[in-house]
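These notes concern the structure reproduced below.
Quick note on labels: first sequence line is chain A, next is B, and so on, each numbered from 1.
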Amino acid sequence: MQKSSGSLYQSIYDLVCQVPVGYVTTYGRVSQLCGCTARTVGFAMAALPVGSQVPWQRVVNRLGKISLRTDGEGNLLQRDILEAEGICFDADQRINLANYGWDFADLS
DNA sequence: TTGTTGACTCTGA
DNA sequence: CTCAGAGCCAACA
């Protein structure tokens with residue numbers, strides 16, 4: 001016992017699930033809330049099981065851009081999903097965190 | 001247990 | 001903001 005890394009993943013997934021539709025968050029934001037570094041959050045997304053119902057697509061890097069996975073295939077799909085959510089992209093395929101960035105502050 | 005890798009972030013220029 | 005270097009944490013062999 002002593003360790004339960006799975007718990008950490010659950011915390012990350014839970015935080016991501018708290019992000020409302022039409023908003024996005026960054027890895028650093030979740031990493032601080034889950035008590036780990038941004039890399040760990042990205043790792044959790046990489047280990048995210050299929051059909052987990054977790055809107056990982058709403059999680060982007062600090063630049064507001066979608067991080068490309070080793071495959072770089074789902075990335076394009078995610079951009080379409082975010083657009084469907086009502087999020088507008090920049091000319092460089094970047095999201096304006098000033099308007100869509102979720103800070104986990106208005107949870108009440 | 002050690003070493004490498006990874007969907008990142010921070011600091012400095 | 002962008003470029004370059006260093007750091008931190010977790011999983012895998």
A:R29 CZ - B:dA7 C1' separation (whole Å): 18 Å

Short side-chain N/O contact from A:R58 to OP1 or OP2 of B:dA7, under 4.0 Å: no

From B:dA7, B:dT9, C:dA10, nucleotide with atom closest to A:S67 side chain: B:dA7

Distance, rounded to the nearest Å, where A:L8 contributes CG and C:dC9 contributes C1': 9 Å

Protein-nucleotide distance (A:Q10, atom CD; C:dA10, atom C1'), rounded to Å: 16 Å

Between C1' of B:dA7 and CZ of A:R79, the distance in whole Å: 18 Å

A:A38 vs A:F43, nearer the 5' end of DNA chain C by closest nucleotide: A:A38

Listed nucleotide nearest any side-chain atom of A:R62, set C:dA10, C:dC8, B:dT9: B:dT9

Nearest heavy atoms of A:P49 and A:S52, plus distance in Å: O-OG, 3.1 Å

Interatomic distance, A:Q32 CD vs B:dC10 C1' [rounded to whole Å]: 11 Å

Candidate nucleotides C:dT2, B:dA7, C:dA10, ranked by approach to the side chain of A:R94 - the nearest: C:dT2

Rounded distance in Å - CG (A:L48) to C1' (B:dA7): 11 Å

From C:dC9, C:dA11, B:dA7, nucleotide with atom closest to A:T37 side chain: C:dC9

Pairs meeting criterion salt bridge (charged side-chain N to carboxylate O under 4.0 Å, His left out) with involvement of residues 50-60 of chain A, two or more places apart: A:R58-A:E85

Rounded distance in Å - CG (A:L97) to P (B:dT9): 10 Å

Nearest-neighbour nucleotide for the A:Y27 side chain, C:dT2, C:dC8, B:dT9 considered: B:dT9

Donor-acceptor side-chain pairing of A:Q18 and A:D14 below 3.5 angstrom: yes

Atom pair OG/CZ of A:S67 and A:R62 - distance to nearest 0.5 Å: 11.5 Å

Nearest to side-chain heavy atoms of A:T26, which nucleotide of C:dA11, B:dA7, B:dT9: B:dT9

Rounded distance (nearest 0.5 Å) linking atom CZ of A:R94 with atom CD1 of A:I66: 12.5 Å

Distance in angstrom units between A:D90 CG and C:dC1 P, rounded: 11 Å

Side chain of A:Y9 (C-beta onward), nearest among B:dT9, C:dA11, C:dC1: C:dA11

